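Beneath this line is the structure, given in structure tokens, with notes to follow.
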There are 2 protein chains.
Amino acid sequence: MGLLDFIASYNLQEISFAAKTIILQEGNKAKYIYFVKKGCLRMWLNNRDTDITTQFFFEGSAIASLESLLKDEASDYTIETIEACSLFVMSRQDFLFFKETDESFKIWLDGIILERFFYYSKHLVSYLRTKPYERYIELLHKHPEILQRIPQHYIASYLGITPVSLSRIRSRK
Amino acid sequence: MGLLDFIASYNLQEISFAAKTIILQEGNKAKYIYFVKKGCLRMWLNNRDTDITTQFFFEGSAIASLESLLKDEASDYTIETIEACSLFVMSRQDFLFFKETDESFKIWLDGIILERFFYYSKHLVSYLRTKPYERYIELLHKHPEILQRIPQHYIASYLGITPVSLSRIRSRK
DNA sequence: GATGAAAGATAACAATTGATAAGAAATACC
DNA sequence: GGTATTTCTTATCAATTGTTATCTTTCATC
């Protein structure tokens, strides 16, 4: 059973967002957790002039600043739609309520946190292990769908390099 | 209450290890979770010739390959003592038993996972945000105790650079 | 204290990336 | 369809890091 089936029983409101809409601004507290029905988004954080993309989200995934949502702190991250999106929305209040009262929701949430943790570990390791060129090749093989769907300068931001450098790498083959 | 107080009630066996002892080898399944009473350790993974240190552990912290322990998979990581260590040991069997039956243990574990998740997020962000030189300066300010206690080539391995490069960076001031 | 091994410093060269700029290509919008 | 904006490419130069090698210093062990 996919995530969207799972959350179907929660009767969440579905909202449409235009492309390039910021749904959580860095510095604000997360008020919602979203579930992606259609479209894709990115989570990024500001670094002086350039932004750094930490993760892409596609259909069937949950997206929220978990740290902000759980700790009620200002988010370090901005969440922004890349394409026009259709999202299911759950308020923080409901989120916390379900977390405490709904055993299957709690189990699901623990799973999400664990999954994210493993994802970040692997992502970090990939940074430690490989150079930008190799990271690009790795991404090309493991997630070609990301490269096809996501504009190149976001990919560069995700790989931790400049768009110029990524363009150079691509032309190197 | 610190971690060592918390786990005191579990009557764990205390074992001493010499410096540079490998207590979990990459490729093996984690059979234990350890709690550091005295000494320090590092978690690292192999990358061709050089190893990459992902985290240091000091007195009062728990150390295990959580992914291996929870999923019963071969560990990607090696755990090795840096100094001579005195560790409390809990078997995987007991770990899983307490996780299922002991509510306060489960809460503690969830906290550890969340904490590690946030740690990895921040560590990753620091990699994306800064260059080796800046990462070194950041470490110097935030965790001077690490620099004082840990041999320099492990620091280099942790910063994602070669020992030569770190030595150069240090002489740059 | 002597000896050998491990760790750190320094130097030279190659390779990669960042910064900046300018132009081409693609896309959005009226 | 035309215009403007955004995205991507290419080029040049400076700065940083990796690699390799050699030398010095520190540390462990007998």
Side-chain angles (χ1 to χ4, degrees), chain A residues 16-22 39-40 42 44 46-53 56 80-85 126-140 146-173, chain B residues 16-22 39-42 44 46-53 56 80-85 126-140 144 146-173:
Chain A
S16 294
F17 295 91
K20 293 192 189 179
T21 304
I22 288 175
C40 65
R42 70 188 185 113
W44 57 273
N46 204 275
N47 185 38
R48 296 159 203 171
D49 299 335
T50 58
D51 53 16
I52 293 165
T53 301
F56 296 112
E80 183 183 13
T81 62
I82 295 175
E83 305 171 354
C85 285
S126 140
Y127 265 85
L128 291 164
R129 272 205 163 121
T130 62
K131 300 178 179 190
Y133 172 73
E134 300 169 286
R135 282 203 293 282
Y136 171 73
I137 298 296
E138 194 178 311
L139 188 64
L140 187 65
I146 291 185
L147 291 172
Q148 283 164 2
R149 194 165 171 183
I150 307 284
Q152 194 169 308
H153 64 292
Y154 293 148
I155 304 283
S157 152
Y158 176 76
L159 291 173
I161 56 178
T162 60
V164 174
S165 186
L166 178 55
S167 178
R168 219 165 14 196
I169 284 172
R170 280 164 49 85
S171 70
R172 203 186 290 169
K173 286 186 284 195
Chain B
S16 293
F17 296 91
K20 294 192 190 180
T21 304
I22 288 175
C40 64
L41 307 90
R42 70 186 184 114
W44 57 273
N46 203 276
N47 185 38
R48 295 159 204 171
D49 300 335
T50 58
D51 53 14
I52 294 164
T53 300
F56 297 112
E80 183 182 12
T81 62
I82 294 175
E83 305 172 353
C85 285
S126 140
Y127 265 84
L128 291 165
R129 271 207 164 121
T130 62
K131 301 178 180 189
Y133 172 72
E134 299 168 286
R135 281 203 293 281
Y136 171 73
I137 298 296
E138 194 180 312
L139 188 65
L140 187 65
I146 290 184
L147 291 171
Q148 283 164 3
R149 193 164 171 185
I150 307 284
Q152 194 169 309
H153 64 293
Y154 294 148
I155 304 282
S157 152
Y158 177 75
L159 290 173
I161 56 178
T162 60
V164 174
S165 187
L166 178 57
S167 177
R168 219 163 14 195
I169 284 171
R170 280 164 50 85
S171 69
R172 202 185 289 169
K173 286 185 287 193

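Model, not experiment: these values are computed from the prediction.
- Here Ile161(A) lies in heavy-atom contact (under 4.0 Å) with sugar-phosphate atoms only.
- Phosphate proximity of dA9(C) to Gln152(B): present, with a side-chain N or O under 4.0 Å from OP1 or OP2.
- Between dC8(D) and His153(A), a contact under 4.0 Å exists linking OP1 or OP2 to a side-chain N or O.
- If you measure from atom CD1 of Ile155(A) to atom C1' of dT7(D), you get 13 Å, rounded to the nearest angstrom.
- Among dA21(D), dA19(C), dG8(C), the nucleotide with an atom closest to any side-chain atom of Arg168(A) is dA19(C).
- The OH atom of Tyr136(B) sits 9.0 Å away from atom CG of Leu159(B), with the distance rounded to the nearest 0.5 Å.
- When the nucleotides dA19(C), dT17(D), dT7(D) are ranked by their closest atom to the side chain of Lys20(A), dT7(D) comes out on top.
- Residue Thr162(A) is classed as a sugar-phosphate contact, given heavy-atom separations below 4.0 Å to backbone atoms only.
- Smallest separation of non-hydrogen atoms from Phe56(B) and Tyr154(B): CZ-O, 3.8 Å.
- Rounded to an integer number of Å, the gap from CG of Leu147(A) to P of dC8(D) is 12 Å.
- Atom CG in Asp51(B) sits roughly 11 Å away from atom P in dA7(C) (whole-Å rounding).
- Nearest approach of Pro163(A) to His153(A), heavy atoms of both residues: CG-CB, 4.1 Å.
- For the pair Leu166(A) CG and dA19(C) P, the interatomic distance rounds to 15 Å; values are reported in whole Å.
- Atom CD1 in Ile169(A) sits about 13 Å away from atom C1' in dA15(C), given to the nearest Å.
- Counting all heavy atoms, side chain and backbone alike, Gly39(B) lies closest to Glu83(B) at CA-OE1, 3.6 Å.
- Distance, Arg149(A) CZ to dT27(C) P: 16 Å, rounded to whole Å.
- Taking only side-chain atoms of Ser171(A), from C-beta outward, the nucleotide of dT10(D), dG18(C), dC8(D) with the closest atom is dT10(D).
- The distance between atom CD1 of Ile150(B) and atom C1' of dA7(C), rounded to the nearest whole Å, is 15 Å.
- If you measure from atom CG of Leu128(B) to atom P of dG18(C), you get 12 Å, rounded to the nearest angstrom.
- Residue whose closest nucleotide on DNA chain D sits further toward the 5' end, between Ser165(A) and Tyr154(A): Tyr154(A).
- When the nucleotides dG8(C), dA9(C), dA6(C) are ranked by their closest atom to the side chain of Arg170(B), dA9(C) comes out on top.
- For Lys131(A), the listed nucleotide lying nearest its side chain is dG18(D); candidates were dT20(D), dA6(C), dG18(D).
- Considering only the side chain of Val164(B), dT20(D) comes nearest among dT20(D), dT10(D), dG8(C).
- The distance from atom CD1 of Ile155(A) to atom CZ of Arg135(A), rounded to the nearest 0.5 Å, is 13.0 Å.
- Of all nucleotides listed (dT17(C), dA21(D), dC8(D)), dC8(D) comes nearest to the side chain of Pro151(A).
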